[in-house]
Amino acid sequence: MRGQVVIGMAKYGDHPALPKRLEDLLMDDVHTVFIKADCPPRVKRGSIGELKLVEIEESDDGNWDTLRMESLQEELVGLVDEHRHRSDCFLEIDRKGCQVIQLGDLRISCAWPPFADAREITIVRPVAKLSLDDYQLDQRLVDRLADHHRGVFICGRPGSGKTTLAQAIAEYLDTDVGAMVKTMEAPRDLQLADRITQYAPLEGDLEKTAEIIFLVRPDFVIFDEVRRARDFEIFADVRLAGVGLLGVTHANSALEAIQRLIGKVELGLVSQVLDTIIHVEAGQIEQVMELRMTVKPPTGMQEELARPVIEVVEFPSGKITHEMFAFGSEIAVVPVEGRQQGALSPVKTLARDQLVHIIQQWVGVECKVALKGESSATIYAPQNMISTLIGKGGENVRQLQDELGGMQLNIESFDEMPESMGAPNNPHWRDVSDRRSRNSRAWEHNAKGTKPRKGKGKKNRR
């Protein structure tokens, strides 16, 4: 392709020599260096999952003032020009108040006023570079990853080792499986083999990068840092085009990573876009989840109310932990097990809340709902609204029952409600339009309308 620039990344631990004061801070176990004007430097050091923030005590006064920080930044930019023959040394981002520099395996972020309140330099480098063998994975998971026609999420908290695992999978696919691997990154910081091309946002837009990705015919794409809503939409577009895709995203659990995708993609497409979620904690794989689409009644609903359901399944045990399905106008994500003895199922609890919401939308009336076991409920409403809720020939009640999975509904007045449920705010609810008409000056509701006008009846008097 004419004009295409291929940028390879440095080998682990390889970068041009920094100014001595910065190089001295990059001790062997240091992952990140934080320097801010007029503050002592701090570093994060240790192994993955056990990083600690430490303040560096220097023998001199430090002299990290604004002028010195500005001078260091100019030296770093000068190193980019000095090593422009290296494909792993370049200015990634250059904006007013911020620069991001790649120098070998180092990603250096510089910020200054007005973007930041003071000059700041942050240097990040990988703590370790691992292969997939180092993780000692179940062979079934390795075989699943080797099938590069999948959608995979790696999730975890910052510093948990997500990117390190993504690098190991990418190089496994490239070396052992023989797949053509590309990456989409903003900024580029994966440490990969030179023949794996790493793409940044084209003209500042990852959607344009995705268009180019299709033209270079990859088997598998690594999408580092899926954060914004638009990123999830791009992830779905690339995956639905038939390309194997691995996304790295921040989430505290595998379930939270799935929920971040809900709403950006139609429910029926979720399992096609994403089928495997790997949760990483402290550099180790904590949990692997699989998504399966099936048609059945959600757990707790009657058989005749079958619908598309996405099962969240533990891998490789096959145990179903959660179900996702359309419930009214909402997408419900409910646990299959784990409720306390005697407690209502999550589906029924959801049904109760949905029932109250639907009634308020229909007639604007406050109501109370008491669930009777797993298959029936009683609605307590104002006496003058019971006929409205029942509807002609029970039509409204039947519609409610269908929407709530076949639950049997009884409607009673507030007078019949147990005291333990608490009194409603307005037990004598009255239709707003009716109240307004009664407060109007219409003659039939105006007491003065019954009095004769002054002088009336004197017409024929003599």
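Since the model is a prediction, treat every value here as computed from it, not as a measurement.
Between the T249 side chain and the V226 main chain, a donor and an acceptor come within less than 3.5 Å of each other. Although no hydrogens or angles enter the test, the distance criterion places a donor-acceptor pair under 3.5 Å between the side chain of R239 and the main chain of V243. D231 places a side-chain N or O within 3.5 Å of a backbone atom of R228 that can act as its donor or acceptor partner. Panel note: side chain R217, backbone M180; no donor-acceptor pair is recorded below 3.5 Å. Formation of a donor-acceptor pair under 3.5 Å by the T209 side chain with backbone atoms of A200 is found in this model. Formation of a donor-acceptor pair under 3.5 Å by the R42 side chain with backbone atoms of K36 is not found in this model. In this structure a side-chain-to-backbone donor-acceptor pair under 3.5 Å is missing from E203 to K208. Not one N or O on the side chain of R86 forms a donor-acceptor pair closer than 3.5 Å with the backbone of L103. R125 contributes no side-chain N or O that, together with a main-chain N or O of G104, makes up a donor-acceptor pair within less than 3.5 Å.
Electrostatic pairing of D29 and R45 counts as a salt bridge here, judged by a charged N lying under 4.0 Å from a carboxylate O. One finds a salt bridge joining E233 and R230 here, because a Lys/Arg side-chain nitrogen approaches an Asp/Glu carboxylate oxygen to under 4.0 Å. Electrostatic pairing of R144 and E290 counts as a salt bridge here, judged by a charged N lying under 4.0 Å from a carboxylate O.
Inter-residue side-chain proximity for E412 and T378 is flagged as met; some heavy-atom pair is nearer than 4.5 Å. Residues F315 and T276 are not in side-chain contact: their nearest non-hydrogen atoms beyond the backbone lie 4.5 Å or more apart. With a 4.5 Å cut-off on side-chain heavy atoms, V142 and Y172 count as touching. In this structure the side chain of P382 reaches within 4.5 angstrom of the side chain of F414, judged on heavy atoms. S131 has its side chain out of reach of E171: every pair of non-hydrogen atoms, C-beta onward, lies at least 4.5 Å apart. Under the 4.5 Å side-chain criterion, counting only non-hydrogen atoms from C-beta, F223 is in contact with L206. Side-chain atoms of K44 and F34, non-hydrogen and from C-beta on, do get closer than 4.5 Å to each other. Residues V33 and V43 meet the side-chain proximity criterion, which asks for heavy atoms closer than 4.5 Å.
Here the shortest heavy-atom pairing between A381 and L389 reads CB-CD1, 3.6 Å. Nearest approach of I121 to I108, heavy atoms of both residues: CG2-CG2, 3.9 Å. Minimum heavy-atom separation, L190 to T163: CD2-CG2, 3.1 Å. Scanning all heavy atoms of the two residues, the minimum distance from F325 to V334 falls at CE2-CG2, 3.7 Å.
Crowding of F115 atom CZ: a count of heavy atoms from other residues, nucleotides or ligands under 6.0 Å not exceeding 12. Sparse packing is recorded around CZ of R157, with 12 or fewer heavy atoms of other residues, nucleotides or ligands lying under 6.0 Å away.
Here the SG-CD distance, from C155 to E281, works out to 9.5 Å after rounding to the nearest 0.5 Å. To the nearest 0.5 Å, atoms CD1 (I277) and CD (E256) are separated by 13.0 Å. A distance of 4.0 Å separates CD1 of I196 from CG of D174, quoted to the nearest 0.5 Å.
Q102 and E92 share no side-chain donor-acceptor pair at under 3.5 Å.
Under the 30°/60° scheme for interplanar angles, the aromatic rings of F232 and F153 are found to stand perpendicular.
Each of V221, I222, T175 was evaluated against V181; a single residue qualifies, I222, per the side-chain contact (heavy atoms from CB on, under 4.5 Å) test. A salt bridge (Lys or Arg N to Asp or Glu O under 4.0 Å) with E323 holds for exactly one of R307, R292, K296; it is K296.
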Applying side chain to side chain contact (heavy atoms under 4.5 Å, CB included), run through L18 and L106 and close with a yes or a no. CA-CA 10 Å; L18 303 182; L106 303 178; 3.6 Å; yes
Checking E185 against Q198 for the side-chain hydrogen bond (donor to acceptor under 3.5 Å, both in side chains) test, could you report, in this order, the C-alpha distance in whole Å, the side-chain angles of both residues, the deciding distance, and whether it holds? CA-CA 7 Å; E185 305 172 59; Q198 299 174 251; 2.6 Å; yes
